Protein chains: 2
Amino acid sequence: MRIGELAARTGVSVRSLRYYEQQGLLTPIRCENGYREYSAFAEEQVRTIQLYLNLGLSTEQIAGFLHCVLINKEAFCQEVLPIYRQKLAEIEAQINTLQSIKSNLQERMQSILDERGNQESEE
Amino acid sequence: MRIGELAARTGVSVRSLRYYEQQGLLTPIRCENGYREYSAFAEEQVRTIQLYLNLGLSTEQIAGFLHCVLINKEAFCQEVLPIYRQKLAEIEAQINTLQSIKSNLQERMQSILDERGNQESEE
DNA sequence: ATAAACCCTGACATTAATGTTAGGGTCAAG
DNA sequence: CTTGACCCTAACATTAATGTCAGGGTTTAT
């Protein structure tokens with residue numbers, strides 16, 4: 001199938017499909033006229049790429065194990081677990097940062113509301 | 001004081017001080033030779049800017065209420081609370097997204113470990 | 001044979017605060 | 001009067017995936 005069809009089937013933009021190819025995630029063959037030709041399997045491949053992107057992995061990280069997970073179960077791909085561990089650590093760090101900002105914000109909001117409340121009763 | 005001294009006193013880079021000015025957060029006067037001249041008060045002002053940046057607010061948002069909070073308590077600045085509420089909502093949305101990715105990652109990691117465990121006992 | 005709907009490459013835009021560099025003034029101490 | 005430490009503006013770089021546009025081929029259906 002050609003790129004437009006693959007885009008329609010997967011919901012991924014043509015632009016992104018070309019980008020994935022540039023990042024080494026897809027390798028369609030080229031017809032004589034220069035058009036990309038994708039196998040039926042490319043559809044699943046694109047969905048797999050999306051799955052990992054949605055986990056917050058970069059195309060570079062995905063490129064490191066995509067070939068393996070497309071032919072094996074994840075558990076057999078040595079590269080996956082370390083990347084998951086690293087990503088998990090990043091996510092937890094981000095959550096901690098956000099939680100601390102959240103607490104800070106909530107305290108400041110409460111202070112404002114308290115002061116305004118006092119203000120009203122003093123007037 | 002000149003920009004280098006303000007940078008040294010606050011720990012904020014000269015580049016950032018110029019950027020804050022461009023964003024309307026600082027307005028030093030200009031000497032005849034073109035140098036920026038900051039009042040002693042600018043030091044507190046910069047620390048206040050940093051405080052809000054650390055809460056995740058943009059320079060544009062800060063510009064919307066900085067003038068007020070520099071001369072009043074936060075509670076008297078009407079613009080602050082809506083921005084805090086909006087920021088809080090964003091933060092909570094981000095935390096939720098990260099939590100869901102985190103759960104997803106943890107499940108996938110557990111699956112991998114389970115499958116590898118089974119694998120060992122089957123061999 | 002022409003128009004519509006494809007496809008191609010290449011390149012710039014997006015975001016936001018900050019770093020860095022280039023090219024050039026100013027000033028104080030020696 | 002020169003050196004070093006300041007200061008200035010302007011501009012490009014950073015990040016990552018995606019959008020968009022320009023300029024140009026190809027294919028398909030009429």
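Everything quoted here is computed from the prediction, not taken from an experiment. Letters go in sequence order (proteins before strands), and every chain restarts at 1.
Remark: C1' of D:dT15 and CG of A:L53 are 15 Å apart, rounded to the nearest angstrom. When the C1' atom of C:dT26 is taken as reference, atom CZ of B:R30 falls 14 Å away, rounded to whole Å. Taking atom CD of residue B:E37 and atom P of nucleotide D:dC6, one finds them 16 Å apart after rounding to whole Å. Taking atom CD1 of residue B:I49 and atom C1' of nucleotide C:dA17, one finds them 13 Å apart after rounding to whole Å. Atom OH of B:Y38 and atom P of D:dC6 are 16 Å apart (whole Å). Distance B:L17 CG to C:dT18 C1': 12 Å, rounded to the nearest Å. The separation between B:E21 atom CD and D:dC7 atom P is 13 Å, rounded to whole Å. Taking atom CD of A:Q22 as the reference point, atom C1' of C:dC8 lies 14 Å away to the nearest angstrom.
Inter-residue side-chain proximity for A:Y38 and A:T27 is flagged as unmet; no heavy-atom pair is nearer than 4.5 Å.
The phosphate of D:dA17 has OP1 or OP2 within less than 4.0 Å of a side-chain N or O from A:T59. Between D:dT18 and A:S16, a contact under 4.0 Å exists linking OP1 or OP2 to a side-chain N or O. The phosphate of D:dC7 (OP1 or OP2) has no side-chain N or O of B:R36 nearer than 4.0 angstrom. One finds a side-chain N or O of B:N33 lying less than 4.0 angstrom from the OP1 or OP2 phosphate oxygen of C:dC27. Regarding contacts with the backbone of C:dA13, every side-chain N or O of A:R15 stays at 4.0 angstrom or more from both OP1 and OP2.
Side-chain proximity of B:Y19 to the nucleotides C:dG19, D:dC8, C:dA17 is greatest for C:dA17. The nucleotide whose nearest atom lies closest to any side-chain atom of B:I3 is, among C:dT18, D:dC8, D:dA17, D:dC8. Nearest nucleotide to the B:Y35 side chain, out of C:dA17, D:dC12, C:dG25: C:dG25.
Comparing B:V14 and A:S13, the nucleotide of DNA chain D nearest to each residue sits closer to the 5' end for B:V14.
Judged by distance alone, the side chains of B:Q50 and B:Y20 do bring a donor and an acceptor atom under 3.5 Å apart.
No side-chain donor-acceptor contact under 3.5 Å links B:Q94 to the backbone of A:Q94.
If you run side-chain contact (heavy atoms from CB on, under 4.5 Å) between B:L26 and each of B:L66, B:I3, B:V46, only B:V46 comes through.
A distance of 6.5 Å separates CD of B:E92 from CD of A:Q106, quoted to the nearest 0.5 Å.
Note on A:R2: only backbone sugar-phosphate atoms sit closer than 4.0 angstrom, heavy atoms only; bases stay farther off. Using a 4.0 Å heavy-atom criterion, one finds that B:R18 contacts the bases of the nucleic acid, with or without backbone contacts as well.
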